[in-house]
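Scroll down for the structure; my scribbles are underneath it.
Numbering starts at 1 and runs along the sequence shown.
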Amino acid sequence: MITPQKLRIAVIPGDGIGKEVMPLGLRCLKAAALKFDLALEFTEFDFASCDYYLKHGDMMPEDWHSTLSAYDAIYFGAVGMPDIVPDHVSLWGSLLKFRREFDQYISLRPCRLLPGIPSPLANPGDIDFWVVRENTEGEYSSIGGKIFEGTEREVVIQETVMTRIGVDRVLNYALNLARSRPKKHLTSATKSNGISITMPYWDERLKALSAEGGYDDLKIDKFHIDILTAWMVLKPSQFDVVVGSNLFGDILSDLGPACTGTIGVAPSGNINPEGKFPSLFEPVHGSAPDIYGKGIANPVGMIWAGQMMLQHFGFKDAADAMMKAIEDVLAEGGSHIITPDMGGSTGTTESLGAAIEKKILGGAACTHLNGRRRSFIRHSAHFIMTKKSDATSSSVRVRDNQRRSRLRRAELVQSLQKRVQEYERQGVAATLEMQQAARKVAQDNLRLRALLARHGVSSEEIESFLRYPEDPSNAEARGPYLQRLASGLEQQASRKEEEYLPNDAQSSHQSLSVRWTRQKITSHKLWGLHNYLHALRGLKICPTKRPRDVAIRRFTVNQTRVISHILW
Ligand SMILES: NC(=O)c1ccc[n+]([C@@H]2O[C@H](COP(=O)([O-])OP(=O)(O)OC[C@H]3O[C@@H](n4cnc5c(N)ncnc54)[C@H](O)[C@@H]3O)[C@@H](O)[C@H]2O)c1
Ligand SMILES: O=C(O)C[C@@H](O)C(=O)O
């Protein structure tokens with residue numbers, strides 16, 4: 001890693017306590033920049049947050065990738081407000097996108113018993129290990145879907161995906177990290193007794209890579225994840241570097257810090273080691289809605305994440321000073337300084353963060369800085385707040401969102417098709433369940449076509465429907481078959497519209513698709529036909545309370561459709 005002259009940092013506070021700890025993280029980074037003459041430039045963004053979602057119907061703007069690509073790193077708070085936006089929507093719409101699309105395939109998470117923090121364990125010993133978590137694939141795959149939702153035949157599938165590239169690169173990273181440490185000990189988290197395909201593969205690759213790379217100097221062992229979690233509580237001091245798949249790494253990197261007293265101190269680097277994309281630094285914890293607004297969130301995870309960022313870019317002195325400041329302040333303690341999760345009484349986010357900031361500066365308060373230093377802060381560490389214009393009318397925004405979601409869908413289908421073709425090329429077979437699900441979709445497709453034919457919808461009409469994007473304002477694109485549905489509607493005009501809608505649709509007046517459907521469909525029979533048409537193109541309408549959920553379901557059905565196309 002070449003240390004840049006100036007570090008351009010995109011700052012994303014996100015949600016909940018992310019917004020509370022971020023200011024303290026920034027103050028400590030600025031203090032380190034000041035002390036060590038580093039040029040840090042911060043630009044703050046309001047997206048990747050549930051507030052942004054509420055305003056825009058999406059977690060991030062369309063151009064997020066190109067916007068953030070211009071930065072060296074992303075400094076991230078936390079995301080998620082489950083009472084407002086479902087967690088899978090907020091996380092998959094932001095943080096998990098960063099990890100995947102910026103290929104941040106290493107999640108690096110230190111667990112260390114810091115001075116002054118009581119461990120919940122009676123005999124914790126010297127806890128000091130790193131969790132290396134695979135960060136882009138594994139159990140966190142978006143391959144899968146739901147079909148026959150709400151019926152007895154309901155099927156829900158999510159595949160674990162392990163690629164050789166993905167597995168090898170994280171194992172190699174962990175092997176090298178272990179080699180660089182005095183204990184030279186690597187532990188692999190497996191579950192090859194129960195998860196009988198991917199986990200034995202993970203074990204095989206570790207064996208092969210450690211032999212190929214000549215890692216004879218390392219002690220390498222593996223534990224099934226169940227007993228590994230037990231060992232992490234019983235004797236955490238035995239670990240040095242622990243490598244795990246996406247899910248196992250996620251769990252271990254909460255358990256480890258919990259053994260050191262609180263998850264509030266744990267940091268995390270989401271690293272793209274090649275530096276092709278920005279890496280992301282964040283605390284391990286989430287948005288903690290239960291303490292949000294109380295001002296008592298522990299800022300150490302956020303500050304330590306900033307320290308990791310400086311370390312990553314080779315600013316060793318500044319990084320060391322930040323770490324020492326954290327340790328010194330915690331060692332000195334003071335229940336009026338440290339936050340309640342570490343046993344403090346009146347300590348707050350502000351009191352603890354400010355104490356660390358002050359320690360980094362070596363006791364100097366910012367107000368006492370000389371002119372050169374103050375001007376350095378102003379010029380080298382500054383914020384540019386992005387402001388989104390609210391001038392656009394809501395209808396333009398809705399159309400814009402629809403267009404973007406169509407584009408995203410098309411991109412997703414395309415990328416899935418590519419991926420499935422790649423699996424085919426490699427001779428990877430779909431699991432039995434997936435094959436069965438795909439077969440059912442294919443059989444249904446045949447049945448739907450027959451049914452539509454019985455209702456006088458010709459194959460040409462179906463093909464034209466499949467070719468055109470869904471656009472309620474484009475009557476021509478809808479073709480004559482939908483016009484027939486519309487005339488059916490008029491015949492039923494005397495009956496109350498709501499009578500003919502399924503119950504869940506009646507309660508879903510917010511959904512754009514449902515609103516459109518409500519105007520067009522007025523009988524169960526026609527509703528069914530309409531759904532069949534959508535199912536044919538993989539766009540099953542599943543009315544729910546939120547328009548976004550409709551889109552998500554479309555994605556998952558699309559995935560199944562692509563696989564069924566490949567298999568048949
Ligand atoms: N990286 C992320 O952005 C991230 C990580 C985990 C969870 N989440 C999201 O955060 C939301 C809440 O998730 P959760 O409750 O499972 O996990 P969480 O980490 O937000 O909170 C778990 C518990 O730890 C406490 N806690 C967490 N951070 C703390 C801190 N800095 N100081 C003091 N106490 C702290 C909380 O009060 C809570 O009791 C969800 O929406 C979830 O999806 C986001
Ligand atoms: O990766 C996740 O699942 C979110 C959160 O648990 C995390 O560890 O960042």
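Residues N270 and F76 have side chains not in contact (no heavy-atom distance under 4.5 Å, counting atoms from C-beta outward). Inter-residue side-chain proximity for D128 and K183 is flagged as unmet; no heavy-atom pair is nearer than 4.5 Å. Using a 4.5 Å heavy-atom cutoff, the side chains of I117 and T260 are not in contact. At least one side-chain heavy atom of W304 sits under 4.5 Å from a side-chain heavy atom of I326. D250 has its side chain within reach of R109: a pair of non-hydrogen atoms, C-beta onward, lies under 4.5 Å apart. Side-chain atoms of L121 and P236, non-hydrogen and from C-beta on, do get closer than 4.5 Å to each other. Annotation: side chain of L7 is not in contact with side chain of L38 (no heavy-atom distance under 4.5 Å). You'll find the side chain of I9 reaches within 4.5 Å of the side chain of M309, heavy atoms only.
S268 and R133 are not linked by any side-chain donor-acceptor pair at a separation below 3.5 angstrom, with hydrogens and angles left out of the test. Checked by atom type, the side-chain pair D15/S287 shows no donor-acceptor distance below 3.5 Å. Judged purely by distance below 3.5 Å, without hydrogens or angles, the side chains of W202 and T190 never pair a donor atom with an acceptor atom. N176 and Y215 are linked by a side-chain donor-acceptor pair at a separation below 3.5 angstrom, with hydrogens and angles left out of the test.
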### Message
side chain to side chain donor-acceptor pair (under 3.5 Å) for T187 and D221? Distances and angles first, verdict last.
### Response
CA-CA 5 Å; T187 302; D221 48 27; 2.8 Å; yes

### Task
Kindly indicate, with the supporting measurements, whether the criterion side-chain contact (heavy atoms from CB on, under 4.5 Å) is fulfilled by H336 and S345.
CA-CA 6 Å; H336 60 298; S345 56; 5.5 Å; no

### Query
Does the pair V233 and C259 meet the rule for a side-chain contact (heavy atoms from CB on, under 4.5 Å), with working shown?
CA-CA 7 Å; V233 173; C259 295; 4.3 Å; yes

### Query
Can you check side-chain contact (heavy atoms from CB on, under 4.5 Å) on L206 and L186, steps first, answer last?
CA-CA 10 Å; L206 177 58; L186 178 68; 4.0 Å; yes

### side-chain contact (heavy atoms from CB on, under 4.5 Å) assessment of V132 paired with L108
CA-CA 5 Å; V132 178; L108 194 55; 4.0 Å; yes

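The distance between the ring centers of F47 and H56 does not fall below 6.0 angstrom. The ring of W64 has its center closer than 6.0 angstrom to the ring center of F102.
In this structure, CD1 in I291 is found 8.0 Å from OG1 in T339, a value given to the nearest 0.5 Å. Y140 contributes atom OH, which lies 9.0 Å from atom CH2 of W92 (distance to the nearest 0.5 angstrom). Once rounded to the nearest 0.5 Å, the distance linking CG of N298 with CD1 of I338 reads 9.0 Å. The CE atom of M232 lies 7.5 Å from the CD1 atom of I225; values are rounded to the nearest 0.5 Å. In this structure, the separation between CG on L114 and CG on D328 is 11.5 Å, given to the nearest 0.5 Å. With rounding to the nearest 0.5 Å, the separation of OG1 in T349 from CE in M22 is 13.5 Å.
Across all non-hydrogen atoms, the minimal contact from D341 to G264 is OD2-CA, 4.1 Å. Nearest heavy-atom pair across L113 and S119 is CD1-CB, 4.0 Å. The two residues G256 and F129 make their nearest non-hydrogen contact at CA-CZ, 3.9 Å. Between D87 and P82, the closest heavy-atom pair is OD1-CB, 3.6 Å. When all heavy atoms of T136 and Y105 are compared, the closest pair comes out as CG2-CA, 3.7 Å. Of all heavy-atom pairs spanning I271 and P273, the tightest one is O-CD, 3.2 Å.
At most 12 heavy atoms of other shown residues, nucleotides or ligands fall within 6.0 angstrom of atom CD1 in I165. Counting heavy-atom neighbours within 6.0 Å of D217 CG, excluding the residue itself, gives a total above 12.
Judged by distance alone, the side chain of S90 and the main-chain N or O of C50 form no donor-acceptor pair under 3.5 Å. N246 places a side-chain N or O within 3.5 Å of a backbone atom of E137 that can act as its donor or acceptor partner. Judged purely by atom type and a 3.5 angstrom limit, N135 has no side-chain atom pairing as donor or acceptor with the backbone of R99. T229 places a side-chain N or O within donor-acceptor distance of the main-chain N or O of D226, the cut-off being under 3.5 Å. Using a distance-only test at 3.5 Å, with no hydrogens or angles considered, no donor-acceptor pair links the side chain of Q307 to the main chain of M322. Using modelled atom types, one side-chain atom of Y75 and one backbone atom of M302 make a donor-acceptor pair closer than 3.5 Å. At distances below 3.5 Å, at least one donor-acceptor pair connects side-chain atoms of H185 with backbone N or O atoms of Q238.
Taking the six-membered ring where the residue is Trp, F223 and W231 present tilted rings, their angle falling between 30° and 60°. Ring-plane geometry between H312 and F281 is classed as tilted, the angle between the planes lying from 30 to 60 degrees on a 0 to 90 degree scale.
The pair D240-K184 does not count as a salt bridge, with every side-chain nitrogen at least 4.0 angstrom from each carboxylate oxygen. The pair D320-K316 counts as a salt bridge, with a side-chain nitrogen and a carboxylate oxygen less than 4.0 angstrom apart. Note on R112 versus E327: salt bridge recorded, some NZ/NE/NH1/NH2 to OD/OE distance being below 4.0 Å.
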